[in-house]
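Here's the structure, in structure tokens; my notes come after.
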Protein chains: 2
Amino acid sequence: MSTEEQPQRVMMTRAARRVLEAAERLFYERGIHAVGVDLIAAEAGVTKKTLYDRFGSKERIVVEYLTARDERWRAFLAPYLDAEGMTPRERVLAVFDASRAWSAEHGSKGCSMVNAHAEISDPAHPAFPVIAGQKEWMLALFTRLAGAVALDDADRLGRTLLLLHEGALVAHGLNIFPDPIAHARDEAAALLG
Amino acid sequence: MSTEEQPQRVMMTRAARRVLEAAERLFYERGIHAVGVDLIAAEAGVTKKTLYDRFGSKERIVVEYLTARDERWRAFLAPYLDAEGMTPRERVLAVFDASRAWSAEHGSKGCSMVNAHAEISDPAHPAFPVIAGQKEWMLALFTRLAGAVALDDADRLGRTLLLLHEGALVAHGLNIFPDPIAHARDEAAALLG
DNA sequence: CAGAGACTATACAGATCGGTATACTCGTGT
DNA sequence: ACACGAGTATACCGATCTGTATAGTCTCTG
């Protein structure tokens, strides 16, 4: 099996890690187009030379930013799902609990994938598969978890849970009403009967 | 009563209208930061001089863009709600029908308010009240329409409908599964009993 | 016909954009 | 002892960004 997934992987040296940390914070809080590479380098305490030696382009930093964020979210979610002695119904609700905790400790500007998608017009942009993949993964997760509650209605329930979840993230980011993720959790509970 | 709402209103001449039309299309499709005033002027068939004579700043164009879009949406929605002989339940579902029709004929990049919010970091930005106002209006609408179905549960239903609606717009923009707005409509119908 | 407002055309200012080049330092491993 | 990779510092490239200045045209109206 050939291992030529990407043109070349990024060497995650210490400086590269600092660049990625700075980029994650700045991209999420201010938006991707609003943040320049000079600012990222300055905030990371790194020269632009180093930044370009590691990543090669800003586009690549964006892709790594989204990929890293997705991986962190899945790692953050895992213990909520792996806890022992949960009913299938509780396991669905645990996703909302995890999202609520994530949003509390990380920023409150909504979903980074949705926000990034708003700034990217070209469908051929290498960040597109990352964004689409994250949402597909979430849909598959909800569908699988819902299947353990009501096998014959997994697809419908999975989609509805995804809509509630995405809607809650948007409502949380825009501060439309207090604690929308908790509300979505309650509605998900009612939905599962 | 003093009429000093804005520093000064925008004179909507023919050229100004063309600028706003171009800005609406470009901002929505490519994002706000990714579109410069030179491009807007060129697409509108207008000089930058004229653009700045009318609007004064790019920030102002952004505000007018969002305001105009909101007004168009409300005007688009109105006939769906004003139709005669609808039950309160049907009136709620009509919002989803309107959203589906709107998304079909306009772009499919999700909610322009949510997308704009993703690009604006400063809470003091004059576009903030427009964005927040639109979502508050939608929540109030859903709550009012839900109150005609089940008066004692209007607040809860209104919020849930909003989450479903926002989630559907996101899912539509990201193309996660086919026709999510129709799915949200079906779930809203089930929710209302 | 004369004035006023809306508009075009072009050039430019000052800053910032993504990206590159040169020259140097430092620490590690062999 | 020496090579090498990672990093710093700084200057620069062309392009593009928001915003302004000057000069002139067009059309409508009093």
Side-chain angles (χ1 to χ4, degrees), chain A residues 6-27 29-66 116 118-122 124-127, chain B residues 6-27 29-66 116 118-122 124-127:
Chain A
Q6 311 257 357
Q8 71 239 20
R9 278 235 50 77
V10 173
M11 286 208 49
M12 278 304 268
T13 63
R14 272 155 303 164
R17 232 179 303 274
R18 285 209 309 277
V19 167
L20 211 50
E21 284 166 13
E24 262 195 73
R25 182 169 42 82
L26 291 168
F27 282 158
E29 285 174 3
R30 307 192 196 179
I32 291 172
H33 279 114
V35 172
V37 289
D38 292 86
L39 179 59
I40 296 174
E43 291 276 307
V46 152
T47 60
K48 286 210 297 175
K49 176 71 162 64
T50 301
L51 185 151
Y52 274 97
D53 282 348
R54 294 297 129 248
F55 294 92
S57 71
K58 182 186 180 183
E59 192 175 70
R60 188 59 182 274
I61 299 180
V62 172
V63 174
E64 297 297 326
Y65 149 61
L66 293 173
E119 292 202 67
I120 299 174
S121 49
D122 179 18
H125 193 289
Chain B
Q6 310 256 357
Q8 71 240 15
R9 276 235 51 78
V10 173
M11 287 206 48
M12 278 304 268
T13 64
R14 271 156 304 162
R17 231 178 304 274
R18 285 211 306 279
V19 167
L20 212 49
E21 284 166 14
E24 262 195 73
R25 182 169 42 81
L26 291 168
F27 281 159
E29 285 174 3
R30 307 192 196 179
I32 292 172
H33 279 115
V35 172
V37 289
D38 292 84
L39 178 59
I40 296 173
E43 291 276 305
V46 153
T47 60
K48 286 209 299 173
K49 175 73 162 62
T50 302
L51 185 150
Y52 274 98
D53 282 348
R54 294 297 132 250
F55 295 92
S57 71
K58 182 187 180 181
E59 191 175 69
R60 188 60 181 275
I61 299 181
V62 172
V63 174
E64 296 297 327
Y65 149 60
L66 292 173
E119 293 203 65
I120 299 174
S121 49
D122 178 18
H125 193 288

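Letters A, B, ... are given to chains in the order of the sequence lines, protein chains preceding strands, and every chain is numbered from 1.
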Check your understanding: How would nucleotides 3-10 of chain D be written as a contact map, 5' to 3', with B for base contact, S for sugar-phosphate-only contact and - for no contact, using protein heavy atoms under 4.0 Å?
Key -> ---SSBB-
Check your understanding: Under 3.5 Å, side chain of A/E59 to main-chain N/O of A/P126, donor-acceptor pair present?
Key -> no
**Study point:** Donor-acceptor contact below 3.5 Å, side chain A/K58 vs main chain A/I32
**Key:** yes
Point to revise | Candidate pair A/R25 and A/E43, rule salt bridge (charged side-chain N to carboxylate O under 4.0 Å, His left out), full reasoning | key: CA-CA 10 Å; A/R25 182 169 42 82; A/E43 291 276 307; 3.1 Å; yes
May I have the distance from [X] (atom [atom1]) to [N] (atom [atom2]), rounded to whole angstrom?
X: B/I32; N: D/dT18; atom1: CD1; atom2: C1'; answer: 15 Å
X: A/Y52; N: D/dA11; atom1: OH; atom2: P; answer: 19 Å
X: A/K58; N: C/dT20; atom1: NZ; atom2: C1'; answer: 17 Å
X: A/D38; N: D/dA11; atom1: CG; atom2: C1'; answer: 12 Å
X: B/L51; N: C/dA6; atom1: CG; atom2: C1'; answer: 14 Å

For nucleotides 24-30 of chain D, tabulate all protein N/O to nucleotide N/O atom pairs closer than 3.5 Å, reporting atom names and distance.
none

Practice item. Check whether more than 12 heavy atoms from other residues, nucleotides or ligands sit under 6.0 Å from atom CZ of A/R18, and answer yes or no. Key: yes
Check your understanding: Base, sugar-phosphate, or nothing: which does A/V35 touch, judged by heavy atoms less than 4.0 Å apart?
Key -> sugar-phosphate
Check your understanding: If every non-hydrogen atom of A/R17 is compared with every non-hydrogen atom of A/M12, which pair is closest and at what distance?
Key -> NH2-O, 2.9 Å
